[in-house]
Asker: 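This is the structure I want to talk about, given as structure tokens.
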Amino acid sequence: MDKKNKEVRVRFAPSPTGYLHIGSARTAFFNWLYAKKKAGQFILRIEDTDIARHQEETIDIILNSLKWLGLDWNEGPESGGGYGPYRQSLRLEIYKKYADKLIEEKKAYRCFCSPESLKAERENKKDREVGPGDGKAFKYDRRCFKLSQKSIEANIESGKPFAIRFMVPENEVINFRDTVYGNITINASNIEDFIIIRTNGLPTYNYSVVVDDALMKITHVIRGEDHLSNTPKQILIYRALGFDIPDFTHLPMILGQDGQKLSKRHGSISIEKYIEDGFLKEAILNYLALLGWAYDEKTTTFSIDELIEKFELDSINKKPAKFDYDKLLWVNGYYIRNMENSVLEKLLETQIKKYLASREMSDPESSPGNLQQKIARITPLVKERIKTLKESINLVSPFFIETVYSDQSKNYFKNKNIDALKILNSIYSALDEVDDRFPAKETEGNLRLVAKNLNLNLRKVAEVTRIAIWNSPVSPPLFETMEILGKELTLRRIKDYIKIIS
RNA sequence: GGCCUGUUCGUCUAGGGGUUAGGACAGCAGGUUUUCAACCUGCCAACAGGAGUUCGAUUCUCCUACAGGCUACCA
């Protein structure tokens, strides 16, 4: 069939060694975007062939992070599909079958050498090369390929463990075109006979990935740049097995601010952590899209639909990108600011409930319905002031918990040339005159009057009030805040604070 | 060591044989303002270095430097 008309099938193939890494999330996202753009299929496959590092429970974490990001897949371990199973640990028979075929065709062979002895040889070679050396890396000398049929059988008979090595053709040139990196040519003589099936019967990455991608009819392999150097090996396998070779697209790495591969010491690298810290999936995805890709010279924010429309694999650039947390924060704030209030309310509600639960309290004075209403009134006040959902707690907690004045608040006016006590007494009476609904307009009007009478600017009066009712020099807009707090609470706090500084 | 790849403001990037090298984040300054934000205005700031090709190179070629990846019975 014409390649152009073939249905696009892409895949994301994480190995369950921890959590969904921010870099893997980008890889998944670019695959997903491409599938959506081409109305193709997005396949999820779990590469769990490394027993030592494999952790069963992390599969769920990864799947949940993908779901949270909205990167839904058409075929995968849970959903199934026509090309399963979608976990490599369940496909061992398949790998074995093709390995046997390769052995039969003399394109692979059993290797009885022990890993330990080979490792020793390798080290040895390295030591000897402290001088100019011969310019060649250690390459397995194929000694097990040269074994006679008889000794092979004897070895098998005696139960001697073996791995299976791929027989790399000599003097073969491998040439492929990467969507991002362009034409890559390397000579097979630089590649040693690498292992495709380990002694324990499990396949290695470079082999299983080919078998799976081919059998799952993957048309476009989109993955991290760390696999670019592995691609020639894989192409050799495709050729040996007579499989169609897919298109390759390698994505530049994501690095930490120090230019090193993004790792734990750079801070948050798992999607989970970003969820917990109050990031929005739209913001994360938008930011990730901009790491290594740009649409034009100015656009920095894209909805998912716009990305699907505008995203192109061949405009991805080659340079590794440093992860800029500040820019992510900005993007997140942008999305919060531009969000429907009703949507933000729900998110804030979850956040606030979690916070209250962590303090083992429910909203002290409101029923659940009241809590919702209260949050609905608070939302527009904080919308432009937060960069993450989690951050909202700092700004909003005095709405929900009793104030315990900090030392900073208690001493706030000590060395300032302000008669806070006098001002507060005036404020108290001025506010007491406002009716019980405590509308912002009226409280503001009254406080302006106080300012005028005391010959102060509103700024000073607001400052004093803010410390008293909010226990902080920073708050949401003061008069709206008092309105939501209500007359009773507001006045009570002012009274409390007066007592403290008296 | 070998092989592969890359290098535009601090960061993400646009651009591309002749441009005041553009935008965004961050930073700085100002405006607005009841604080903090948001918003508006302005400023700072880049083609790694050296050769070559060319009338002209940041753009093309080569070399160097630096960085990353692979070179595993990790993925």
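Here is how names work: the chains are called A, B, and so on, in the same order as the sequence lines, proteins then strands, and each is numbered from 1.
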Asker: Which nucleotide, in any strand shown, forms a Watson-Crick or G-U wobble pair with B:U32, with both distances under 3.5 Å?
Answerer: none

Asker: For B:U58 versus B:G50, give the span between their P atoms, rounded off to a whole number of Å.
Answerer: 9 Å

Asker: For the base of B:A14, is there a side-chain donor-acceptor partner from A:K298 under 3.5 Å away?
Answerer: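 Result: no qualifying N/O pair found.
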
Asker: Can you measure A:R110 atom CZ to B:C73 atom P for me and round it to whole angstrom units?
Answerer: 19 Å

Asker: Would one find a side-chain N or O of A:T300 under 4.0 angstrom from OP1 or OP2 of B:G23?
Answerer: no

Asker: Record whether the side chain of A:N230 comes under 3.5 Å of the base of B:A75 through a donor-acceptor pair of N or O atoms.
Answerer: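 Between B:A75 and A:N230, which were checked side chain against base, a qualifying N/O pair under 3.5 Å is present.
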
Asker: Using a 4.0 Å heavy-atom cut-off to protein, can you give one letter per nucleotide of nucleotides 36-41 of chain B, 5' to 3': B if the base is in contact, S if only the sugar-phosphate is, - if neither?
Answerer: BBSS--

Asker: Can you check the A:Y295 OH to B:G22 P distance for me, whole Å?
Answerer: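 Nearest whole value for this atom pair: 22 Å.
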
Asker: Applying the Watson-Crick and G-U wobble criteria at under 3.5 Å, what pairs with B:C43? Answer none if nothing qualifies.
Answerer: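 Paired with B:G27.
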
Asker: On a whole-Å scale, what distance lies between the P atoms belonging to B:A46 and B:U11?
Answerer: 12 Å

Asker: Got a donor-acceptor contact below 3.5 angstrom from the A:R26 side chain to the A:L288 backbone?
Answerer: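 Checked: no pair found.
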
Asker: For RNA chain B, determine which residues of residues 161-169 of chain A have any heavy atom closer than 4.0 angstrom to one of its atoms, and list them numerically.
Answerer: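 Of all residues in residues 161-169 of chain A, the ones placing a heavy atom under 4.0 Å from RNA chain B are A:A163.
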
Asker: Whether A:R493 engages the ring of A:Y497 as a cation-pi pair (distance to the six-membered ring centre under 6.0 angstrom, angle to the ring normal within 45°) should be assessed.
Answerer: no

Asker: Do the numbers put A:K310 on top of the ring of A:F302, so that NZ or CZ is under 6.0 Å from the six-membered ring centre and no more than 45° off the axis?
Answerer: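 The answer is no; the distance or angle limit is not met.
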
Asker: Is A:E192 touching bases, backbone alone, or none of the nucleic acid, heavy atoms closer than 4.0 Å?
Answerer: sugar-phosphate

Asker: Partner lookup for B:U7, please. Criteria are Watson-Crick or G-U wobble with both distances under 3.5 angstrom; report none if nothing qualifies.
Answerer: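 WC or wobble partner is B:A65.
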
Asker: Counting distance only, does the side-chain N/O of A:D48 pair as donor-acceptor with the main-chain N or O of A:Q88 below 3.5 Å?
Answerer: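 It does hold such a pair.
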
Asker: Using the C1' atoms only, state how far B:U13 lies from B:C73, rounded to an integer number of Å.
Answerer: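 42 Å, rounded to whole Å.
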
Asker: Considering only the P atoms, how many Å lie between B:C60 and B:G18, rounded to the nearest integer?
Answerer: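 Pairwise P distance, B:C60 against B:G18, rounds to 11 Å.
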
Asker: For A:G224, which contact category applies under a 4.0 Å heavy-atom criterion: base, sugar-phosphate, or nothing?
Answerer: nothing

Asker: Which is true for A:L291 with a 4.0 Å heavy-atom rule: it touches a base, it touches only sugar-phosphate, or it touches nothing?
Answerer: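 A:L291: backbone/sugar contact only, no base atoms under 4.0 Å.
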
Asker: Can you say whether the rings of A:F323 and A:Y287 are parallel (under 30°), tilted (30 to 60°) or perpendicular (over 60°)?
Answerer: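 A:F323 vs A:Y287 ring planes: perpendicular.
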
Asker: Does B:C55 have a Watson-Crick or wobble partner in any strand here, with both distances under 3.5 angstrom, and which is it?
Answerer: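 Looking at the geometry, B:C55 pairs with B:G18.
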
Asker: Mind checking whether A:F311 and A:F30 have ring centres under 6.0 Å apart?
Answerer: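 Distance test on ring centres: under 6.0 Å, yes.
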
Asker: Over all strands shown, is A:H227 touching base, sugar-phosphate only, or nothing at heavy-atom distances under 4.0 angstrom?
Answerer: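 A:H227: base contact, heavy atoms under 4.0 Å.
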
Asker: Whole-Å distance between B:G10 C1' and A:D258 CG?
Answerer: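 To the nearest whole Å, that distance equals 14 Å.
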
Asker: Would you please indicate if the ring centroids of A:H227 and A:Y205 are separated by under 6.0 Å?
Answerer: yes

Asker: Please check if the side chain of A:K387 supplies one atom and the backbone of A:L328 the other of a donor-acceptor pair under 3.5 Å.
Answerer: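 No, because the side chain of A:K387 does not come within donor-acceptor range (under 3.5 Å) of the backbone of A:L328.
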
Asker: From CZ of A:R26 over to P of B:C12, roughly how many Å is that when rounded to an integer?
Answerer: 12 Å

Asker: Rounded to whole angstroms, how far apart are CG on A:L251 and C1' on B:A75?
Answerer: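 A:L251 atom CG is separated from B:A75 atom C1' by 16 Å.
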
Asker: Side-chain N or O of A:Q257 less than 4.0 angstrom from OP1 or OP2 on B:G10?
Answerer: no

Asker: Does a salt bridge link A:E93 with A:K97, judged by any charged N lying under 4.0 Å from a carboxylate O?
Answerer: no

Asker: Round to the nearest Å and state the distance from A:N471 atom CG to B:U35 atom C1'.
Answerer: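 Result: 14 Å.
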
Asker: For nucleotides B:G68 and B:A75, find the distance between their P atoms and express it as a whole number of Å.
Answerer: 24 Å

Asker: What's the closest nucleotide to the side chain of A:A321 if the choices are B:U11, B:U13, B:A26?
Answerer: B:U13

Asker: Could you tell me how far B:G6 sits from B:G10 if I compare only their P atoms? Round to whole Å.
Answerer: 23 Å

Asker: Determine whether a donor-acceptor pair (N or O, by modelled atom type, separation under 3.5 Å) exists between the side chain of A:D213 and the backbone of A:I218.
Answerer: no

Asker: In whole Å, I'd like the distance from the CG atom of A:D324 to the P atom of B:G23.
Answerer: 18 Å

Asker: Would you call the rings of A:H250 and A:F248 parallel, tilted or perpendicular, where under 30° means parallel and over 60° means perpendicular?
Answerer: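 A:H250 and A:F248: parallel rings.
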
Asker: Give one of base, sugar-phosphate or nothing for A:K383, where a contact means two heavy atoms less than 4.0 Å apart.
Answerer: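 If one applies the 4.0 Å heavy-atom cut-off, A:K383 turns out to touch nothing in the nucleic acid.
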
Asker: Given the P atoms of B:A37 and B:G30, what is the spacing between them in whole Å?
Answerer: 14 Å

Asker: Counting the atoms with a prime plus P, OP1 and OP2 as sugar-phosphate, which does A:F479 contact under 4.0 Å by heavy atoms, base, sugar-phosphate, or nothing?
Answerer: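 Contact class for A:F479: base.
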
Asker: More 5' along RNA chain B: A:K261 or A:F323, using each one's nearest nucleotide?
Answerer: A:F323

Asker: Can you measure A:L255 atom CG to B:C66 atom C1' for me and round it to whole angstrom units?
Answerer: 14 Å

Asker: Between A:N317 and B:A14, is there a side-chain N or O to OP1/OP2 distance below 4.0 Å?
Answerer: yes

Asker: One character per nucleotide, please: for nucleotides 3-9 of chain B, 5' to 3', B when the base has a protein heavy atom closer than 4.0 Å, S when only the sugar-phosphate does, - otherwise.
Answerer: SSSSSS-

Asker: Name the nucleic acid region contacted by A:R448, choosing base, sugar-phosphate or nothing; use a 4.0 angstrom heavy-atom cut-off, strictly under.
Answerer: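 It contacts sugar-phosphate atoms only.
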
Asker: Under a 4.0 Å threshold between the charged nitrogen and the carboxylate oxygen, would A:K460 count as salt-bridged to A:E463?
Answerer: yes

Asker: Among B:A75, B:U34, B:U13, find the nucleotide with the atom closest to the side chain of A:S15.
Answerer: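 The nucleotide sitting nearest to the side chain is B:A75.
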
Asker: Rounded to whole angstrom, note down the C1' distance from B:U8 over to B:A24.
Answerer: 15 Å

Asker: Just name whichever nucleotide pairs with B:G1, Watson-Crick or G-U, keeping both distances under 3.5 Å, else none.
Answerer: B:U71

Asker: Considering only B:U34, B:C25, B:G68, which nucleotide approaches the side chain of A:R466 most closely?
Answerer: B:U34

Asker: Check whether any side-chain N or O of A:N411 sits under 3.5 Å from a backbone N or O of A:K414 as a donor-acceptor pair, and report yes or no.
Answerer: no

Asker: Looking at A:I501, A:I467, A:D407, which hits side-chain contact (heavy atoms from CB on, under 4.5 Å) with A:Y412?
Answerer: A:I467

Asker: Using the ring of each side chain (for Trp, its six-membered ring), is A:Y325 parallel, tilted or perpendicular to A:Y274, with breaks at 30° and 60°?
Answerer: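 Answer is tilted, since the angle falls between 30° and 60°.
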
